[in-house]
*Asks:* 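Dumping the structure here so I can ask a few things about it.
Note on naming: letters A, B, ... go to the chains in the order of the sequence lines (proteins, then strands), and numbering restarts at 1 for each one. Basis for what follows: all heavy atoms, side chains included, without hydrogens, waters or symmetry-related copies. All figures in this text were calculated on a predicted structure; none of them were measured in a lab.
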Amino acid sequence: TQLLEQSPQFLSIQEGENLTVYCNSSSVFSSLQWYRQEPGEGPVLLVTVVTGGEVKKLKRLTFQFGDARKDSSLHITAAQPGDTGLYLCAGDGAGSYQLTFGKGTKLSVIP
Amino acid sequence: DAMVIQNPRYQVTQFGKPVTLSCSQTLNHNVMYWYQQKSSQAPKLLFHYYDKDFNNEADTPDNFQSRRPNTSFCFLDIRSPGLGDAAMYLCATSRVGNRLAGERQYFGPGTRLTVL
């Protein structure tokens, strides 16, 4: 069974601060995805990382896939209240099209 | 344009009264998933259809059933809802085979189920 450990589980920060969310596993994933979910809505894909060591940037968000494809991080620079939400990492393992989800990080950015 | 549509967005039912949630998609994806999500937790996969093939997760209670009459529609039936079944139910789709881009899932907005 593949597991994704996500940390921290909860994060409350002031507007303008930086933060990093981690997603770790002992398993190798073919790809890893980050979703953001706002209250009352379904998760929306932010990014997919496929290659070990890959770094992708989406405005103030930087995503990194570990060299061994077992872990990933999401870094947000100068957080804004609009970044508030539940951030989920999800990976698909070799030979499986299903996703394994982490438990999520609930981020609150206080104005 | 909405790609994965769930109806209703909010559903209230009584303890033990059967309820059906619906999902439709305009993406023509071959896989459809049903997840249960409780407050601030990750989605928990209940089951999925790969085309017409039904795949149940081992820990999904028998109280939960699903139907997929065609590619576009998928239903979640809860035969006898209990208080513990109150949750957000998410439908998602994916197009298996696009492994170079990762197996992205497209989620609907969810149906929030309340059990009285």
Side-chain angles (χ1 to χ4, degrees), chain A residues 1-12 21 23 25 29-52 54 56 63 65 69 72 84-108, chain B residues 2-10 21 23 25 27 29-51 53 55-59 87-114:
Chain A
T1 303
Q2 296 179 310
L3 292 174
L4 276 169
E5 297 289 339
Q6 210 172 323
S7 62
Q9 189 175 355
F10 298 97
L11 190 56
S12 182
V21 177
C23 185
S25 177
F29 289 94
S30 300
S31 71
L32 206 139
Q33 301 161 30
W34 287 92
Y35 292 81
R36 181 170 70 207
Q37 185 178 20
E38 297 185 11
E41 299 294 332
V44 175
L45 181 70
L46 296 173
V47 77
T48 300
V49 284
V50 180
T51 306
E54 183 176 7
K56 283 191 174 179
F63 304 85
F65 201 13
R69 290 186 289 133
S72 181
T84 294
L86 180 67
Y87 289 81
L88 296 159
C89 66
D92 65 315
S96 173
Y97 54 87
Q98 297 177 54
L99 293 179
T100 298
F101 278 91
K103 290 188 175 182
T105 296
K106 188 172 183 181
L107 173 65
S108 297
Chain B
M3 296 180 289
V4 182
I5 302 161
Q6 289 187 246
N7 286 305
R9 292 293 309 274
Y10 301 90
L21 310 182
C23 177
Q25 55 138 336
L27 297 164
H29 283 173
N30 50 350
V31 188
M32 294 186 77
Y33 308 81
W34 278 106
Y35 291 88
Q36 180 193 65
Q37 186 179 31
K38 298 195 174 180
S39 181
S40 298
Q41 296 182 21
K44 178 181 182 296
L45 183 64
L46 295 173
F47 26 58
H48 73 277
Y49 274 94
Y50 188 142
D51 293 325
D53 293 332
N55 298 271
N56 199 29
E57 293 301 298
D59 57 353
M88 174 77 89
Y89 289 88
L90 294 165
C91 174
T93 72
S94 69
R95 182 170 65 87
V96 175
N98 190 22
R99 293 202 65 83
L100 288 178
E103 297 296 352
R104 172 184 178 174
Q105 293 187 13
Y106 294 75
F107 284 85
T111 295
R112 180 162 296 283
L113 178 68
T114 299

*Asks:* Checking heavy atoms, do the side chain of A/Q37, its backbone, both or neither come under 4.5 Å from chain B?
*Replies:*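 Only the side chain of A/Q37 comes within 4.5 Å of chain B.
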*Asks:* Measure distances from B/Q6 to the heavy atoms of chain A and classify the residue's part below 4.5 Å as side chain, backbone, both or neither.
*Replies:*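 Neither; nothing under 4.5 Å.
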*Asks:* Does NZ in B/K44 sit with more than 12 non-hydrogen atoms of other residues, nucleotides or ligands closer than 6.0 Å?
*Replies:*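 Atom NZ in B/K44 is packed in, count exceeds 12.
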*Asks:* Starting at CZ of A/F101, measure out to CD of B/Q105 and round the result to the nearest 0.5 Å.
*Replies:*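 Atom-to-atom, A/F101:CZ and B/Q105:CD are 5.5 Å apart.
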*Asks:* Indicate the atoms forming the closest heavy-atom contact of A/E41 with B/M88, along with that distance.
*Replies:*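 Closest heavy-atom pair between A/E41 and B/M88: N-CE, 4.3 Å.
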*Asks:* List the atom of A/G102, the atom of B/A42, and the distance in Å for their closest heavy-atom pair.
*Replies:*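 Minimum heavy-atom separation between A/G102 and B/A42: O-CB, 2.8 Å.
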*Asks:* For a quick test of reading the model, state the closest non-hydrogen atom pair linking B/L90 to A/P43 and the distance between them.
*Replies:*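 Looking at all heavy atoms of both residues, the shortest contact is CD1-CD, 3.8 Å.
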*Asks:* In terms of heavy-atom pairs under 4.5 Å with chain A, which of B/Y10, B/Y106, B/Y35 leads?
*Replies:*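 Heavy-atom pairs under 4.5 Å are most numerous for B/Y35.
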*Asks:* If every non-hydrogen atom of A/L88 is compared with every non-hydrogen atom of B/P43, which pair is closest and at what distance?
*Replies:*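 For A/L88 and B/P43, the tightest heavy-atom pair comes out as CD1-CD, 3.8 Å.
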*Asks:* When you look at NZ of A/K106, are more than 12 heavy atoms from neighbouring residues, nucleotides or ligands closer to it than 6.0 Å?
*Replies:*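 No, not enclosed.
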*Asks:* Please report the shortest heavy-atom distance between B/Q41 and A/L86, naming the atom on each side.
*Replies:*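 That would be O-CD2, 3.9 Å.
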*Asks:* Any sub-3.5 Å donor-acceptor pair from B/R104's side-chain atoms to A/Q33's backbone N or O?
*Replies:*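 Not a single qualifying donor-acceptor pair exists.
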